[in-house]
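This is a predicted model, so every value here is computed, not measured. Values reported hereafter were calculated over all heavy atoms of this structure, with side chains retained and with hydrogens, waters and symmetry mates removed. A note on names: the letters A, B, ... follow the listed sequences, proteins ahead of strands, and every chain is numbered from 1.
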Amino acid sequence: MATATAPRQRAPRPAPQPSRRPPRLRSRLARFWHQYTRMRTAIYMLMGVLGIVLIGTFVPQQFSSSQGKVSEFLGSHAALNDLASHLGLPLTSVFVSPLFYILLGSIYVALLSCVLTRGRALIVRTVRGYPRSPQYWGEWGSWLFHTSFFLLLVAVVWGKATGFDGIMTITEGQRVAETRASYDTLQEGMLFDGRHSGYEVQLNRFAAPLQANGMPEDFVSNVTVYDAGRPVVTKDVRVNDFLGYDNVDFYQQDYGWAPHIVVKNPSGEVVSDSAAQLISDDKTASTGVIKVPDFNYRMPGQSKPTQIGARLVLYPDAQALPSVGGAGNALNLTYGPGSAAPNNPVLQVQLFVGDLGINGGASQDVFSLDTTGMTPYYQNAAAFALPLHQSVTLQLPAANNGTANFTIAFADLKQFSLFHVKKDSGVPLVYATFVLTMVGLLTKLYLRPFLERRRRARRATLVPAAVTRSLPEPPPPRVREEVLTR
Amino acid sequence: MTPTPLSLTLFGIAVAIYIAALVGFLVYLPFRDRRIATTAVGLVVLGWPFHVASILTRALEAGHWPLGNIYEYSTGISFVVVTTFLVITLRAGQRLLGVPAMIVAIALMAVAYMLYVPPGDLVPALHSYWLTIHVTSMATASGLLVFSSLFAMFFLVREWADGYALAAASGSSSLRGVSAGAGGAAVMTGGGGGGGAEGGFLPGLASAFRRLPAAATLDSWSFRFVMIGFPVWTFGVMMGAVWGEHAWGRYWGWDPKETFSFIVWVVFAIYLHARVTYGWKGRRAALITVIGFVAIFADLYAVNLWIAGLHSYARA
Ligand code: HEM
């Protein structure tokens with residue numbers, strides 16, 4: 001039992017030596033370092049982490065809560081947030097705040113120092129052939145546990161730094177290459193070599209069968225991977241079943257409606273023939289835009305060619321609202337949302353004519369329409385309804401006070417799939433550290449007491465019953481203390 | 001109206017029997033008749049199979065592992081609590097534990113009932129065996145860690161009662177400054193219960209509490225359940241990460257639910273450190289596990305019901 005108490009201190013602890021005085025600064029540093037790497041400090045740092053993380057659960061966070069909630073919070077707590085930001089802790093992004101990183105960093109520095117010194121001490125003891133006591137194995141367990149935390153950090157950082165993480169949307173029938181340009185958003189790690197795989201992914205079909213309660217039963221994207229033009233894999237990608245090919249993984253994350261709209265200009269030329277991806281929260285009403293920069297028509301008296309664009313609202317199961325005008329024509333009805341099932345898809349189109357602002361180099365956002373250079377087609381920017389498989393003919397001014405007809409057709413209703421696409425080679429390492437953590441923890445918490453109990457049982461052969469029964473009426477406190485605290 | 005599912009009927013029977021058992025344990029407190037306690041334990045043993053059957057039939061009715069929403073989850077944790085209580089009480093004769101354990105179990109089932117959802121399909125994100133492993137570990141660990149807090153609370157009241165008795169015995173009117181650590185508790189064990197006859201609320205309470213095991217023993221039991229629960233919680237959080245990676249391509253995202261499970265984990269890690277370094281046994285350690293207790297239930301209910309996140313559809 002003599003070995004049982006001593007090694008609980010970290011091995012090479014600088015003992016106070018009053019006789020020999022090292023230079024002042026060095027001794028201060030040493031004292032600081034000693035304090036810093038003590039477990040007491042670790043406890044305080046962990047408490048600090050707790051505090052920050054608690055803020056993170058109660059304050060909406062920029063990347064996990066909805067934008068609305070975040071702005072609402074910022075609106076009502078502006079001063080508080082300013083103050084906290086000055087202190088390095090912007091409240092709506094605490095998990096990426098300087099203070100959080102500093103705290104994590106200092107925990108990890110202390111942890112590394114602790115792991116190194118204790119590891120060295122353990123190796124020295126092993127090499128010198130100290131007895132393999134339960135205490136010894138317990139220390140290895142503890143060492144492994146703490147080391148695996150360090151390795152976890154390495155695995156996470158390495159995986160993120162050498163990989164990327166992005167969002168890609170693919171409409172049914174569309175084939176998209178895994179290249180930088182194909183992503184809606186993309187974050188590449190600092191050490192990512194910039195080489196995307198380049199293979200193509202085609203969304204053959206998407207299905208989101210609904211349950212009776214209107215919730216999706218499942219979402220399934222049937223995709224085919226084309227590598228160098230040849231189909232190599234076909235797979236149903238679902239929420240719990242991702243597509244992994246060439247170290248890049250595609251996860252089903254969301255989906256939406258993609259109405260296929262065909263626009264013909266006054267010359268009868270097809271100037272836009274594509275599916276617009278709409279976004280929605282509940283799938284009963286989706287919104288988006290369509291832009292036709294190359295409309296290829298110039299209105300009289302205009303110096304630049306005319307462009308058109310529209311804001312779209314899609315009701316997959318449109319319900320006709322009581323009509324105001326009383327006209328029986330579907331195009332004159334107004335609609336509201338019904339269910340998420342495509343029983344009666346109708347588009348509400350709010351059309352604008354003029355300059356889309358794209359050519360001037362302004363950013364091209366596929367989900368919003370900048371109407372500063374445009375005028376609404378109808379007064380009050382009224383929208384018209386366009387049911388599926390119908391088209392509408394509209395007029396623009398032509399030369400000699402005439403009019404020129406052009407058409408917008410709702411040709412088809414498709415769906416698109418939104419994939420979270422990422423490359424993270426750190427994942428297997430992260431899992432490996434999980435295993436190490438568990439092994440270390442179980443060694444420390446169970447193997448060591450188990451060895452101790454066995455050892456004591458062997459020694460105290462005269463009173464085996466009291467010690468070997470696994471969950472006895474707790475013995476008198478002193479003995480129990482010894483069994484449990486180690 | 002749809003007919004009441006069999007699982008809910010069995011659930012009701014189990015709750016009713018548990019409530020009867022709790023009444024028994026409460027009656028046992030003032031009337032220290034062993035037969036009352038034995039009957040109460042017997043009632044828990046009687047209710048347990050109904051609880052099991054309720055969970056099994058629920059699984060059959062819903063067609064999935066019965067930890068898919070907050071009703072099922074709460075029922076599952078209360079099952080862990082009841083089972084653990086039975087194991088402790090049958091093997092080590094901890095009868096007084098029946099009061100807090102059954103209060104927690106019944107409260108969990110009451111919340112389950114309030115948030116009842118008829119058996120039905122899960123949303124797609126919940127179809128995964130990683131998830132099954134994850135929620136099962138989390139529920140088990142929650143149930144186990146609850147006991148570390150219950151023993152810690154017992155410790156705190158026993159310590160108070162020891163201090164009270166010591167002060168009373170020495171004729172001192174001031175209770176402050178009296179702290180009964182391990183040694184004090186051991187000294188006082190023999191005298192437990194003697195002073196209760198004098199009457200008065202506080203003396204009566206103190207004497208009732210002094211029938212608990214010695215403070216140091218309670219402290220050890222509390223630690224023991226951290227030792228059992230902490231690795232299970234750790235494993236559960238890891239499996240949650242594996243599930244997150246599998247379902248969404250990220251093993252960690254500081255989603256409120258993940259964040260809170262991390263908080264609980266750090267609280268108990270602090271507990272382990274504090275215990276090893278400072279030899280922070282006793283009161284301070286007990287307070288940490290009580291914080292852990294609050295955090296576990298905040299994780300379970302506050303986060304699910306008030307704070308939205310990827311996990312929050314588990315509520316539906
Ligand atoms: C500043 C960094 C840290 C230091 C200096 C430190 C130090 C220690 C020491 C000295 C022990 C006792 C080991 C033994 O008796 O063999 C210990 C145990 C432990 N540490 Fe840490 N630690 C640190 C960070 C962490 C972190 C970040 C965690 C995770 C939350 C953690 C979790 C644990 C656990 C679970 C134990 C086991 C308790 C036991 O030994 O019974 N530690 N730590």
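Residues passing the side-chain contact (heavy atoms from CB on, under 4.5 Å) test with Val439(A), sequence neighbours excluded: Leu144(A), Val435(A), Thr443(A).
Across all non-hydrogen atoms, the minimal contact from Val266(B) to Leu46(A) is CG1-O, 3.9 Å. Pro256(B) approaches Thr57(A) most closely through the heavy-atom pair O-CG2, 3.8 Å.
When ring centroids are compared, Trp265(B) and Phe149(A) come within the 6.0 Å threshold. Ring centers of Trp252(B) and Phe95(A): at least 6.0 Å apart, outside the cut-off.
Ile43(A) CD1 to Ile288(B) CD1: the interatomic distance, rounded to the nearest 0.5 Å, is 7.0 Å. Expressed to the nearest 0.5 Å, how far CZ of Phe235(B) lies from CE of Met438(A) amounts to 6.5 Å. The line from NE2 of His246(B) to CG of Asp241(A) is 6.0 Å long, rounded to the nearest 0.5 Å.
With hydrogens and angles ignored, the 3.5 Å screen pairs a side-chain donor or acceptor of His420(A) with a backbone N or O of Trp248(B).
For chain B, the nearby parts of Phe434(A) are the backbone and the side chain; heavy atoms of each come within less than 4.5 Å. Residue contact with chain B, scored on non-hydrogen atoms closer than 4.5 Å, involves the side chain of Lys160(A) exclusively. Proximity to chain B is limited to the side chain of Tyr446(A), based on heavy atoms less than 4.5 angstrom apart.
Contact of the Ile270(B) side chain with the Tyr44(A) side chain is not registered, since no non-hydrogen atoms from C-beta on lie closer than 4.5 Å. By the 4.5 Å heavy-atom criterion applied to side chains, Glu245(B) and Phe242(A) are not counted as neighbours.
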- [ ] List the steps, then state whether side-chain contact (heavy atoms from CB on, under 4.5 Å) holds for Val156(A) with Tyr251(B).
- [x] CA-CA 10 Å; Val156(A) 170; Tyr251(B) 44 79; 3.5 Å; yes
TODO: Would you check, one step at a time, whether the test side-chain contact (heavy atoms from CB on, under 4.5 Å) holds for Phe262(B) with Val49(A)?
DONE: CA-CA 10 Å; Phe262(B) 175 75; Val49(A) 168; 3.8 Å; yes
Task: Residues Leu441(A), Phe230(B); criterion side-chain contact (heavy atoms from CB on, under 4.5 Å); working and verdict - done: CA-CA 9 Å; Leu441(A) 197 55; Phe230(B) 182 74; 3.9 Å; yes
